[in-house]
Protein chains: 2
Amino acid sequence: MLDKQSPIPIYIQIEEQLKQQIQQGDFPIGAAIPSERELTERFDVSRMTVRQSITNLVNDGLLYREKGRGTFVASPKVEQPLNGLTSFTEDMQSRGMVPSSKLIGFEILEPDSDIAEELQLADGDKVYFVERIRFADDKPMAIERTYLPVGRFPNLNRDSFQGSLYAMIENEQQLKISRATQRMEAGLVKKEDADLLQIKPPAAILMIERISYLADGQPFEVVRSTYRADRYKFTTDIKR
Amino acid sequence: MLDKQSPIPIYIQIEEQLKQQIQQGDFPIGAAIPSERELTERFDVSRMTVRQSITNLVNDGLLYREKGRGTFVASPKVEQPLNGLTSFTEDMQSRGMVPSSKLIGFEILEPDSDIAEELQLADGDKVYFVERIRFADDKPMAIERTYLPVGRFPNLNRDSFQGSLYAMIENEQQLKISRATQRMEAGLVKKEDADLLQIKPPAAILMIERISYLADGQPFEVVRSTYRADRYKFTTDIKR
DNA sequence: CAGTGGTCTAGACCACTAC
DNA sequence: TAGTGGTCTAGACCACTGT
């Protein structure tokens, strides 16, 4: 059942097994899974190891615990929203659409005070400014304006923005992206943006500003996006 | 330093102490906090206990760990968004505004198929329908339309919607609210809603649909809100 | 009452980092 | 090599639930 010699930690192996058993219906929705002590015996591991597996599944929303009663299978979510920090590319793919992109602006400039503050820049620090139209199934979906500190990424050029920026940062630069703050608001489309998005005013748009942070808490990116309201809905999961 | 006789778990006491020391600046941003083994000695507890404290602070984004190096203080977030599942009342208060509310509709009806599906209802199950105008500092902020299954809450009336619905559910009904799925989109205001919100078309609005779930995964509430785009921005934190 | 999850101990070995 | 976080053990006592 478990491979204790495997480089994969035991608690992750147990997680996978439980996940699979839940999906197979071995444990129906609302039913109790075996108690921690029972799993301890079944897998011949310590209770803390079993607890680590279960804690992760509880955090993922697959299980819930009740003091003195047991651990139970939660009902699956109606809709599986794309949680976590994702790129436009990942986002569209998860919606079953084919993403593409057109670079319409690239320059190095001194940011205005909003951006400078959000990126925690010093006076005189410059940023890359990248402007792209984002397409889904070849139809315009959004305009994306990205600001990146030159200081942190000294050698970027137009080509850097063809592939996945996040992958480049995490693999080539060996930095860890950890989280983002997102601000969302509705508005009426401006004339210039209406042309780029191929819509006619008056029309509603969804404006999203994202500030992304590395694991050390430093911001590394500000993205301001303008989405066509008729084509884009944003879904999140919230925990109490 | 620690009160081991206290009913408050030791790992929470350690969490509080570390949090305080970070806020006091005892550990500057980016600096390492004492190692797990050092804290083990300092607090005279086991290492697993210290790890539980640190793990929680890492999940909160106050600290981050690096294998083989240590645990470090993350920079504080620029903006502290209100995370978690909150009511309109809590939301407005955290923005420093005074919330109020006007009930404009209350009835028991058979839901349309959208709502029935989202609440996982059987044929013929009925729902409460509650329509309220939500004010912030006495200015209209949003229209909120709430659907609750009668089956789960048999004895509600108009008065039930004066106070905090969430508090009532968690205290009186002894149910645990665990999470919600939120769908957000932009749109143009309809004539009827424009009057209620005291705005003139064409104007943008932010439409939010929230489906809230109990710990057992059962949905218990659908809320459809229409916010004035000129007054409301929505902020979230996202983790990678 | 027996069983459950919540907390906690006092060790251990590993892979990784920095010197 | 010494120190770090990551994983794991084999126990323990507690408060809480259901019978």
Side-chain angles (χ1 to χ4, degrees), chain A residues 1-18 27 30-59 62-74 174-176 178 215-216, chain B residues 1-18 27 30-74 170 173-176 178 215-216:
Chain A
M1 272 229 176
L2 293 186
D3 178 5
K4 296 209 180 177
Q5 313 313 321
S6 161
I8 300 168
I10 293 176
Y11 73 91
I12 291 188
Q13 293 185 49
I14 294 178
E15 254 184 83
E16 296 301 332
Q17 286 230 4
L18 290 176
F27 309 128
I33 65 166
S35 77
E36 295 178 357
R37 284 163 184 83
E38 206 174 323
L39 292 172
T40 289
E41 283 190 23
R42 182 177 306 183
F43 292 120
D44 192 31
V45 296
S46 131
R47 185 163 159 229
M48 289 302 284
T49 304
V50 167
R51 273 185 70 76
Q52 192 169 356
S53 308
I54 292 179
T55 298
N56 287 345
L57 294 174
V58 168
N59 289 339
L62 270 84
L63 298 175
Y64 60 100
R65 291 202 250 234
E66 289 195 15
K67 251 189 302 190
R69 299 221 315 131
T71 303
F72 305 86
V73 179
Q174 294 184 9
L175 298 169
K176 283 174 204 161
S178 82
D216 63 5
Chain B
M1 271 229 173
L2 293 185
D3 179 4
K4 296 208 181 177
Q5 314 313 319
S6 161
I8 300 168
I10 293 177
Y11 74 91
I12 291 189
Q13 293 185 48
I14 294 178
E15 252 184 84
E16 296 301 331
Q17 286 229 7
L18 290 176
F27 308 128
I33 66 165
S35 76
E36 295 177 356
R37 284 164 184 84
E38 206 175 322
L39 292 172
T40 289
E41 283 191 22
R42 182 178 306 184
F43 291 121
D44 192 31
V45 295
S46 131
R47 183 161 161 232
M48 289 303 281
T49 304
V50 167
R51 273 185 69 77
Q52 192 169 356
S53 309
I54 293 180
T55 299
N56 287 345
L57 294 175
V58 168
N59 288 338
D60 287 352
L62 270 85
L63 299 175
Y64 60 98
R65 291 201 250 234
E66 290 194 15
K67 252 187 302 189
R69 298 220 317 129
T71 304
F72 305 86
V73 179
E170 295 204 305
Q173 306 259 352
Q174 295 185 7
L175 298 170
K176 285 175 202 160
S178 80
D216 63 5

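Keep in mind that this is a model prediction, so the values were computed, not measured. Order of the sequence lines sets the chain letters (A, B, ...), proteins ahead of strands, with each chain counted from 1.
- A pairwise comparison of heavy atoms in A/Phe43 and A/Gln17 identifies CE2-OE1, 3.8 Å as the closest pair.
- Closest approach to the A/Arg65 side chain among C/dT9, D/dG5, C/dG5 is made by C/dG5 (side chain taken as heavy atoms from C-beta onward).
- Nucleotide C/dT7 holds its P atom 16 Å from the CG atom of B/Leu2, rounded to whole Å.
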Given the rule in the side chain to side chain contact (heavy atoms under 4.5 Å, CB included) test, do A/Thr55 and A/Arg65 qualify, once you have shown the distances and angles that lead to the verdict? CA-CA 9 Å; A/Thr55 298; A/Arg65 291 202 250 234; 2.6 Å; yes
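- Each of C/dG5, C/dT9, D/dG5 was ranked by its minimum atom distance to the side chain of A/Arg47; first place goes to C/dG5.
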Given pairs defined as Watson-Crick or G-U wobble with both distances under 3.5 Å, what dot-bracket annotation applies to DNA chain D, with ( ) intrastrand, [ ] crossing, | other strand and . unpaired? ||||||||||||||||.|.
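- Taking atom CD on B/Glu41 and atom P on C/dA10, their separation rounds to 12 Å, with Å as the unit.
- Here B/Arg51 contributes atom CZ and B/Asn56 contributes atom CG; the two are 11.5 Å apart, rounded to the nearest 0.5 Å.
- Scanning both residues, B/Thr40 and B/Val45, for their nearest heavy atoms gives CG2-O, 2.9 Å.
- Going from atom CD of B/Gln52 over to atom P of D/dT7 covers 15 Å, rounded to whole Å.
- Sequence order on DNA chain D of the closest nucleotides to B/Gly68 and A/Thr49 puts B/Gly68 first from the 5' end.
- Rounded to a whole Å, the CZ atom of B/Phe43 is 13 Å from the P atom of C/dC8.
- Annotation for B/Ser53 and B/Glu15: closest pair O-CG, 3.6 Å, computed over non-hydrogen atoms.
- Contact detail for B/Ile33 and B/Phe27: the closest heavy-atom pair is CG2-CD1, 3.9 Å.
- Comparing D/dG6, C/dG5, D/dT4 by their closest approach to the side chain of B/Arg51 singles out D/dG6.
- Screening A/Glu36, A/Arg42, A/Glu41 against A/Glu38 for a side-chain contact (heavy atoms from CB on, under 4.5 Å) leaves a single residue, A/Arg42.
- The phosphate of C/dT4 has OP1 or OP2 within less than 4.0 Å of a side-chain N or O from A/Ser35.
- One atom, CG of B/Leu39, and another, P of D/dT4, lie 10 Å apart when rounded to the nearest Å.
- Distance, B/Asp44 CG to C/dC8 C1': 12 Å, rounded to whole Å.
- Rounded to whole angstrom, the span from the CE atom of B/Met48 across to the P atom of D/dT7 amounts to 10 Å.
- Donor-acceptor pairing under 3.5 Å, judged by distance alone, is present between the side chain of A/Arg37 and the base of C/dG5.
- Of all heavy-atom pairs between A/Gln13 and A/Ile8, the closest is NE2-O, 3.0 Å.
- Of all non-hydrogen atoms in B/Gly61 and B/Ala74, the two that sit nearest each other are O-CB, 3.5 Å.
- Across the protein-nucleic acid pair, B/Glu36 atom CD and C/dC16 atom C1' stand 14 Å apart, rounded to whole Å.
- Between A/Lys67 and B/Lys67, the residue anchored nearer the 5' end of DNA chain D, judged by the nucleotide with its closest heavy atom, is B/Lys67.
- Going from atom CG of A/Leu18 over to atom CG of A/Leu62 covers 9.5 Å, rounded to the nearest 0.5 Å.
- Of the residues in residues 8-16 of chain A, those lying under 4.0 Å from DNA chain D by heavy-atom distance are A/Pro9, A/Ile10, A/Tyr11.
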